[in-house]
Every structure is written in structure tokens, then in C-alpha cells.
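See below for the structure under consideration.
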Amino acid sequence: MKAVLLTDHGGPENLRYGDAPDPVAGPGEVVVDVHAASVNAADYKVREGGYFKLTFPYILGRDFSGLVSAVGDGVTDLAVGDAVFGVADQGKDGAYAEKIAIKAAIIARKPAPLSHEAAAAMGLSSLTALWALEDTARLKAGETILIQGGAGGVAGFAIQLAKHLGATVITTASAGNADYVRSLGADQVIDYNSQDFTKVVHDCDVVFDTVGGDVQARSYQVLKSGGRLVFIAPPKKDFTPRQDVETLRPAVTRDRAHLERMLALLEAGAVWPPNIVCYGLADAAEAHRVAEARHLTGKLVLVTGRAAG
């Protein structure tokens with residue numbers, strides 16, 4: 001199969017389009033012919049060496065959509081030809097390729113109206129937002145939440161979800177992305193280039209931080225006593241959080257139930273796919289350069305050239 005091979009830690013130039021062995025479905029697994037794979041911030045952080053040591057060549061990519069092409073022993077709920085989407089198990093990658101082997105239990109059927117590109121774009125973003133807001137923060141109707149970095153994939157889904165749950169939603173974004181995040185449901189948008197959010201916001205029940213560092217550290221200032229800060233980006237080093245609030249990190253466990261929860265929200269009209277920019281699989285290095293610039297609204301998706309649908 002063709003795949004994007006990471007040859008060493010470092011910059012996007014270490015991503016090479018080439019050949020890799022076809023995966024085989026083990027017990028409880030299926031092989032999926034990948035039609036689309038999403039580009040996430042975690043991908044370039046793994047590439048740079050920020051997460052764990054890799055054995056090269058290595059195939060990046062966590063969320064994908066495609067068609068089942070092989071079924072392993074013990075799999076009875078999926079069959080060859082089924083359209084599916086999902087997210088690779090924690091600590092594993094492999095979606096930047098024409099094929100991926102994955103546990104059948106952690107992927108879900110893709111409904112026909114949802115394109116492969118949209119399914120891939122929503123996979124990890126929706127999973128992360130659901131675990132963060134529903135399972136971890138336990139956000140309730142009537143509460144106020146500040147979502148840091150609202151134009152990103154995870155934060156954009158979180159804005160829609162928080163609004164659906166009945167919360168008042170405040171988010172930070174550049175002035176150029178203000179209309180976009182408002183279209184997702186944000187009640188208040190703070191331009192992080194011209195406004196200090198700590199001077200504008202106060203007494204929040206929840207902060208969902210997707211930015212990290214100093215932004216996360218300053219986010220404690222806007223929480224009421226007993227509030228919750230949920231984060232997915234690395235915190236500032238040597239920083240001591242407030243003791244009168246909860247600091248929580250979602251587990252983001254891969255499972256079919258949360259993917260199907262996303263589909264139910266989609267069917268209800270509570271959420272919808274993000275803006276999507278597509279690159280060919282062979283152009284993954286350029287997609288990484290765009291992703292790292294952090295100016296994109298929505299999601300980048302790699303397409304393999306297989307038939308759409």
C-alpha cells in the first residue's frame with residue numbers, strides 16, 4: 001500500500017510518500033481501506049518527538065474513514081464493504097495510509113449522508129470534545145463555559161456541544177475567525193490579539209483549554225470557586241493551579257459509543273462538520289506546514305484518491 005512515512009523526528013520534510021506493507025486483520029480486528037484521514041495537532045507533535053520515541057519509518061494519523069476490506073477472527077458485527085470511521089487506539093497511529101488495521105469494537109458505521117472527509121474530520125475532535133465536556137466537566141444547562149481557541153477542530157465541536165447542552169458559551173479567537181465561531185454557537189467572542197480575556201470574563205463554571213501554556217495558567221483567574229478547568233494541551237511548567245477549583249484531563253478513551261453519540265448529535269442537527277480543507281495523501285508534508293501555522297479555520301483532511309462517498 002501507499003503511505004506517508006515519517007523517517008525521523010523533526011520537520012515536515014521528514015514525511016515521505018512511499019510504500020509500506022499491507023496490514024493484516026488480527027483477531028477482533030478489521031482492515032479498512034482508508035478514503036480520508038484527518039490531520040491533528042497531535043500528529044505534528046508526535047513527528048517532532050514531543051510524545052514518545054518511535055521506530056522508523058512510522059505512519060502517523062489517528063482518525064479516518066473508509067470501507068472494510070478484511071475481517072479478522074471473532075468479528076461478527078462488521079462485514080467487508082461496510083463504510084466505517086473511527087480513531088486509532090491510544091498510543092497508536094497509522095491513518096496516513098491506504099489501509100489500516102484496527103479493533104472492530106472501537107469504530108462505527110458511517111451513515112451514507114456523511115462524507116468520508118467529514119467523518120474523518122469529526123472523529124478525534126468529536127471524541128475529545130464529548131469526553132471533555134460531557135464525561136469530564138459534566139457541563140450542565142445554565143452554566144457558563146470559556147472555550148480557549150474556538151476556531152480549532154476540537155474547540156469548534158465543543159462550542160456546538162456546549163450550546164446544545166444549554167450552556168452560555170464564551171470563546172477566544174482572532175478577529176478574522178469571530179464570525180465563524182459565532183456561527184458555531186458562541187455567545188461571546190474575545191479577540192485574543194486585542195483583548196485580555198482575564199479582564200473580560202469572570203465567574204465561569206468551566207474552562208475548556210485547547211491552547212495550553214500561559215493561556216491555561218491565566219484561565220484559572222476566570223473560574224469561580226468550585227469551577228472546573230478541563231485541558232487537553234500541555235500546561236505551563238512549574239505552575240501551581242488554584243486549590244479551590246478542579247483541574248481535569250479527559251481520558252478520551254476510544255469506543256464505539258462516543259462515535260455513535262456524535263452521530264446522534266449530528267442527526268439531531270446539534271452539531272455539524274467543520275470547514276474542511278483537503279490535501280492529497282502525497283501532500284501530507286504541506287498539510288503539516290499549514291496545520292502548524294495554526295491559522296486554519298476547521299480541519300485539514302488527507303484524501304487517498306479512492307472513490308468518494
To the nearest 0.5 Å, what is the distance between OG on S183 and CG on N177?
10.0 Å

Between E48 and K45, does any NZ, NE, NH1 or NH2 come within less than 4.0 Å of an OD or OE carboxylate oxygen?
no

Atom NE2 in H258, atom CD in E134: separation rounded to 0.5 Å?
7.0 Å

Does some side-chain heavy atom of F85 sit less than 4.5 Å from a side-chain heavy atom of M122?
no

Cluster companions of V24 among Ile, Leu, Val, Met, Phe, Trp, Tyr (side-chain spacing under 4.5 Å)
none

Mutual orientation of the aromatic rings belonging to Y220 and F239 [parallel < 30°, tilted 30-60°, perpendicular > 60°]
tilted

Minimum side-chain heavy-atom gap L302-Y279 below 4.5 Å
yes

Pairwise side-chain contact, D22 with E98, heavy-atom cut-off 4.5 Å (strictly under):
no

Is the shortest distance from a Lys or Arg side-chain nitrogen in D135 or R261 to a carboxylate oxygen in the other one below 4.0 Å?
no

Answer yes or no: is there an ion pair linking D89 with R254, defined by an N-O contact shorter than 4.0 Å?
no

What heavy-atom pair brings M1 and P23 nearest, and what distance separates the two atoms?
SD-CD, 3.7 Å

Is D205 salt-bridged to K140, going by a charged N under 4.0 Å from an acidic O?
no

Quick one, V4 with L60, criterion side chain to side chain contact (heavy atoms under 4.5 Å, CB included). Give me CA distance, side-chain angles, the key distance, then yes/no.
CA-CA 8 Å; V4 177; L60 295 168; over 6 Å; no

Which class fits the ring pair H35 and H116: parallel under 30°, tilted 30 to 60°, perpendicular over 60°?
tilted

With rounding to the nearest 0.5 angstrom, report the OG1 to CD distance, T198 to Q221.
4.5 Å

Please examine the side chains of L161 and L130, heavy atoms only from C-beta on, and report whether any two atoms are closer than 4.5 Å.
yes

What's the verdict on side-chain hydrogen bond (donor to acceptor under 3.5 Å, both in side chains) for D33 and S69, showing C-alpha distance, side-chain angles and the deciding distance?
CA-CA 6 Å; D33 286 351; S69 59; 3.0 Å; yes

Taking atom types as modelled and ignoring hydrogens, do the side chains of N275 and T297 form a donor-acceptor contact shorter than 3.5 angstrom?
no

Nearest heavy-atom neighbours spanning A104 and V30
CB-CG1, 4.1 Å

Salt bridge check, E143 against R228: does any charged N sit closer than 4.0 Å to a carboxylate O?
yes

